[in-house]
Undergrad: 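I am attaching a structure below and will ask some questions about it afterwards.
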Amino acid sequence: MDPLTTSLVKSSFKSIGATPGGENAFAQSFYAILFAARPEIRQYFPAAMDLQRDRLMRAVGYVVERLDSPETVLPLLAQLGRDHRKYDISDDHYEAVGEALVTALAGLAGPELWTDETERAWRSAVELIVTTMTDAAHGEPGPPTWVGTVLNHRRVLDDLAIVRLQLDQPMPYAPGQYVSVQIHSRPKMWRYFSFATPPNSDRIVEFHVRRVSGGWVSPAIIGETAVGDTWLLGAPLGGVGVWQNPERSQLMIAEGTGIAPLRAQLMNMPRLDGNPPTHLFYGGTYPYDHYDLDVLWALSRTSPWLTVVPVAENRDNPWWFPGISTVPAGMHERVTGQIGRVVAEYADWADHDIQVVGAPSMIRTTKYRLMAAGIDSRDIHHDPLY
Ligand SMILES: Cc1cc2nc3c(=O)[nH]c(=O)nc-3n(C[C@H](O)[C@H](O)[C@H](O)COP(=O)(O)OP(=O)(O)OC[C@H]3O[C@@H](n4cnc5c(N)ncnc54)[C@H](O)[C@@H]3O)c2cc1C
Ligand code: HEM
């Protein structure tokens with residue numbers, strides 16, 4: 001897309017976002033238009049759409065903001081297109097979605113902002129989004145979904161389970177990627193989970209799932225999963241966290257189950273030629289949150305290039321937690337504090353490739369702390385859909 005078209009799309013989207021209700025109004029209007037024009041499309045979406053309604057909108061916003069960096073957005077759209085094969089939709093549905101996007105935007109913008117030029121610019125942006133997704137979907141020889149059978153479900157904390165499944169066929173994913181998952185008891189409620197292990201010849205994958213109170217899917221996974229259950233998995237997504245430059249030192253920062261995609265990469269690194277110095281900061285509220293430390297310590301014992309620094313906001317476990325969280329000899333002591341601040345004050349991280357994985361608020365705070373410490377934001381990576 002030429003620079004003028006790109007800037008028209010970006011500026012009009014910004015103005016629309018600034019109107020009362022902004023993103024929410026866009027989502028509401030988009031779905032109302034789409035389902036009125038093509039009622040049969042409603043069946044693809046979950047019955048309760050209030051929570052997830054903004055996901056498609058957020059993706060459009062993300063793409064629009066980065067239209068001038070095709071190297072970032074085109075691979076993401078291609079992955080989304082391959083992933084969307086799980087819905088069993090057709091090109092004709094994409095046309096309807098594109099049309100609903102344009103109509104919703106025009107309605108929100110109003111006649112003053114929505115000139116013919118703006119409409120033309122938006123139509124070419126939508127065309128780019130749709131063709132990138134559909135081309136990738138058509139060009140993908142692999143299956144649209146994989147079936148995983150639960151082999152093991154281990155509750156490592158009251159609200160956290162490690163689930164291992166065996167896939168029905170090999171899935172070519174890179175350590176650091178995630179996948180969208182549908183469990184049997186929650187039809188149409190796809191949720192993302194990160195692979196916690198690199199691919200292996202037995203087609204066994206591992207996920208670390210934390211319960212979100214009041215959530216639809218995670219409480220069911222923690223509380224109801226049984227050996228033999230089958231899950232449906234879409235095509236792998238993401239890549240921000242995937243190994244980029246073996247020449248540069250690595251800084252990895254994770255909180256909670258955010259450790260999963262990082263430990264998958266760490267487990268894969270010894271298989272590669274030469275490893276750069278790598279620091280992993282593993283955050284939690286209490287020491288007991290470091291449920292994966294034993295594995296990370298085991299990795300660091302055989303990988304001299306790896307330093308694991310556990311960080312907890314509280315020095316001690318709460319009184320009701322049974323057991324003591326001790327650090328074995330030779331391993332880095334726990335640091336107490338807020339993870340972003342601890343990392344930023346620990347060392348000068350200039351010239352490192354930095355990955356941050358965790359809740360959106362933790363990603364924002366950590367990024368802010370690092371940038372305040374002089375780190376170039378281009379060196380800080382996190383997945384866009386978080
Ligand atoms: C790229 C990516 C990778 C992910 N990887 C993992 C993973 O490896 N392990 C894992 O456990 N989860 C992971 N998640 C989160 C996961 O996809 C679900 O969002 C989460 O399990 C909640 O789903 P739910 O159906 O239980 O809650 P929902 O029914 O979707 O949400 C219920 C309520 O909780 C809020 N909410 C949703 N998620 C969170 C959250 N994380 N913290 C606080 N409030 C929340 C919602 O806004 C809503 O109000 C990942 C998310 C993304 C975007
Ligand atoms: C314009 C191109 C599109 C973009 C950028 C887009 C983007 C997204 C994103 C980011 C999500 C959330 C993550 C996911 O489940 O993969 C999503 C979900 C979804 N998309 Fe799309 N999509 C597009 C087109 C379509 C089309 C044509 C359909 C067909 C009906 C469709 C149906 C769905 C459904 C059913 C969901 C699940 C929603 C939910 O879980 O609530 N999408 N889309």
Side-chain angles (χ1 to χ4, degrees), residues 27 30-31 34-35 38 40-64 73 76-77 79-102 125-134 137 159-163 176-183 186-196 206-222 234-235 237-241 254-264 357-363 382-386:
F30 163 75
Y31 283 109
L34 179 66
F35 297 152
R38 298 287 297 274
E40 78 281 10
I41 290 183
R42 179 67 182 90
Q43 62 168 316
Y44 293 106
F45 289 84
M49 279 188 59
D50 47 333
L51 298 174
Q52 299 295 325
R53 185 158 47 195
D54 60 344
R55 292 208 295 183
L56 202 155
M57 279 28 252
R58 251 192 294 151
V60 172
Y62 180 87
V63 169
V64 164
V73 289
L76 171 75
L77 286 168
Q79 283 182 343
L80 270 176
R82 288 190 280 270
D83 170 63
H84 267 52
R85 292 174 309 142
K86 71 187 182 217
Y87 299 125
D88 197 18
I89 52 182
S90 62
D91 288 2
D92 166 48
H93 291 128
Y94 276 96
E95 264 171 51
V97 163
E99 205 49 49
L101 280 173
V102 172
V126 166
E127 164 94 16
L128 176 76
I129 294 174
V130 166
T131 33
T132 310
M133 286 178 73
T134 46
D159 63 350
L160 202 147
I162 295 183
V163 187
Q177 287 197 295
Y178 52 90
V179 70
S180 107
V181 167
Q182 181 189 245
I183 61 169
R186 297 288 183 273
K188 297 188 196 172
M189 294 187 187
W190 294 86
R191 297 291 184 268
Y192 292 137
F193 294 107
S194 302
F195 294 104
E206 177 175 308
F207 298 109
H208 298 182
V209 182
R210 186 151 221 161
R211 181 177 58 220
V212 167
S213 290
W216 282 99
V217 177
S218 58
I221 292 180
I222 306 291
L237 289 150
V240 166
E255 188 182 63
T257 55
I259 197 63
L262 298 182
R263 55 111 77 179
V357 196
S361 57
M362 172 272 193
I363 294 178
H382 58 89
D383 260 307
L385 299 178
Y386 259 104

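One-based numbering, in listed order, for ligands and for the atoms of each.
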Undergrad: Can you name the atoms of ligand 2, numbered from 1 with element, that are less than 4.0 Å from a heavy atom of Met133?
TA: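 What qualifies from ligand 2 is 2 (C), 3 (C), 4 (C), 5 (C), 6 (C), 22 (N), 23 (C).
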Undergrad: For the side chain of Arg186 and the backbone of Trp216, is there at least one donor-acceptor N/O pair under 3.5 Å apart?
TA: yes
Undergrad: Taking the basic N atoms (NZ, or NE/NH1/NH2) and the acidic carboxylate oxygens, is any pair closer than 4.0 Å for Arg85 and Asp88?
TA: no
Undergrad: Looking at Tyr178 versus Phe195, is the centre-to-centre ring distance below 6.0 Å?
TA: no
Undergrad: Any N or O on Ser213 sitting closer than 3.5 Å to an N or O of ligand 1?
TA: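 N/O-N/O distance under 3.5 Å: no.
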Undergrad: If the cut-off is 4.0 Å to any non-hydrogen atom of Tyr192, which atoms of ligand 2 fall inside it?
TA: 13 (C), 14 (C), 16 (O)
Undergrad: Using a 4.0 Å heavy-atom cut-off, which part of Leu237 comes near ligand 2: side chain, backbone, both, or neither?
TA: neither
Undergrad: Is a salt bridge present between Arg263 and Glu206, judged by a nitrogen-to-oxygen distance below 4.0 Å?
TA: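 Salt bridge flag = yes for Glu206 with Arg263.
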Undergrad: Pull out every atom of ligand 2 sitting under 4.0 Å from any heavy atom of Lys86, numbered as shown with elements.
TA: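 Selected atoms, number and element: 14 (C), 15 (O), 16 (O).
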Undergrad: Is any side-chain heavy atom of Tyr94 closer than 4.5 Å to one of Ile89?
TA: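 The answer is yes, as the side chains (C-beta and beyond) meet within the 4.5 Å cut-off.
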Undergrad: With respect to Val217, which candidate in Val181, Val212, Ile183 satisfies the side-chain contact (heavy atoms from CB on, under 4.5 Å) definition?
TA: Ile183
Undergrad: Which atoms of ligand 2 sit under 4.0 Å from any heavy atom of Ala59?
TA: 10 (C)
Undergrad: Kindly identify the option in Asp83, Val73, Ile41 whose heavy atom sits closest to atom 30 (C) of ligand 2.
TA: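 Answer by nearest heavy atom: Ile41.
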Undergrad: With a 4.0 Å cut-off on heavy atoms, is Gly98 in contact with ligand 2?
TA: no
Undergrad: Could you pull out, from Trp190, Tyr94, Tyr87, the option with a heavy atom nearest to atom 37 (C) of ligand 2?
TA: Tyr87
Undergrad: So, is Arg191 polar-close to ligand 1, with some N/O to N/O distance under 3.5 Å?
TA: yes
Undergrad: Quick one: look at Ser180 and ligand 2, take heavy-atom pairs under 4.0 Å, and tell me if it's side chain, backbone, both or neither.
TA: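 Neither; nothing of Ser180 gets under 4.0 Å from ligand 2.
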Undergrad: Kindly identify the option in Phe207, Phe195, Tyr192 whose heavy atom sits closest to atom 16 (C) of ligand 1.
TA: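 Among Phe207, Phe195, Tyr192, the closest heavy atom to atom 16 (C) of ligand 1 comes from Tyr192.
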Undergrad: Among Ser194, Ala161, Ala196, whose heavy atom sits nearest atom 5 (N) of ligand 1?
TA: Ser194
Undergrad: With a cut-off of 4.0 Å, which atoms of ligand 1 are near a heavy atom of Thr257?
TA: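 Checking each atom against Thr257, I get 7 (C), 9 (N), 10 (C), 11 (O).
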Undergrad: Check whether any side-chain heavy atom of Tyr44 lies under 4.5 Å from a side-chain heavy atom of His93, and answer yes or no.
TA: yes
Undergrad: Of Tyr62, Phe45, Tyr44, which has the heavy atom at the shortest distance from atom 34 (C) of ligand 2?
TA: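 Result: the heavy atom closest to atom 34 (C) of ligand 2 is in Phe45.
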Undergrad: Do Gln43 side-chain atoms and Glu40 backbone N/O form a donor-acceptor pair below 3.5 Å?
TA: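 The answer is yes, because a donor-acceptor pair under 3.5 Å joins these two groups.
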Undergrad: Quick check on Asp383 - does any of its heavy atoms sit under 4.0 Å from an atom of ligand 1?
TA: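 No, that is not the case, since the closest heavy atom of the residue is not under 4.0 Å from the ligand.
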Undergrad: With a cut-off of 4.0 Å, which atoms of ligand 1 are near a heavy atom of Trp216?
TA: 24 (P), 25 (O), 26 (O), 27 (O), 28 (P), 29 (O)
Undergrad: Using a 4.5 Å cut-off on heavy atoms from C-beta on, say whether the side chain of Asp383 contacts that of Val357.
TA: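 They are not in contact (no side-chain heavy atoms under 4.5 Å apart), so the answer is no.
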Undergrad: Any heavy atom of Gly258 closer to ligand 1 than 4.0 angstrom?
TA: no
Undergrad: State the CD-CD distance between Gln177 and Gln79, to the nearest 0.5 angstrom.
TA: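 One finds 5.5 Å between CD of Gln177 and CD of Gln79.
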Undergrad: Could you tell me which non-hydrogen atom of Ser218 sits nearest to which non-hydrogen atom of Val209, and how far apart they are?
TA: CB-CG1, 4.2 Å
Undergrad: Any idea which atoms of ligand 2 are less than 4.0 Å away from a heavy-atom of Leu80?
TA: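 Result: 10 (C), 16 (O).
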Undergrad: Treating Arg42 as the side-chain partner and Ala47 as the backbone partner, does any N or O pair qualify as donor plus acceptor under 3.5 Å?
TA: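 Confirmed, Arg42 side chain pairs with Ala47 backbone.
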Undergrad: Using a plain distance cutoff, I'd like to know if Ala260 has any nitrogen or oxygen under 3.5 Å from a nitrogen or oxygen of ligand 1.
TA: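 No.
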Undergrad: Counting only heavy atoms not in Asp92, do more than 12 fall under 6.0 Å of its CG?
TA: yes
Undergrad: Check the orientation of Phe35 and Tyr31. Use parallel for under 30°, tilted for 30 to 60°, and perpendicular for over 60°.
TA: tilted
Undergrad: Which ligand 1 atoms are under 4.0 Å away from a heavy-atom of Pro219?
TA: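 Result: 26 (O).
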Undergrad: Kindly confirm or rule out an N or O of Tyr178 lying under 3.5 angstrom from an N or O of ligand 1.
TA: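 There is no such contact.
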Undergrad: I need the contact type for His208 against ligand 1. Using non-hydrogen atoms and a strict under-4.0 Å cut-off, is it side chain, backbone, both or neither?
TA: backbone
Undergrad: Could a heavy atom of Met189 be found less than 4.0 Å from some atom of ligand 2?
TA: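 Not so, Met189 does not reach ligand 2.
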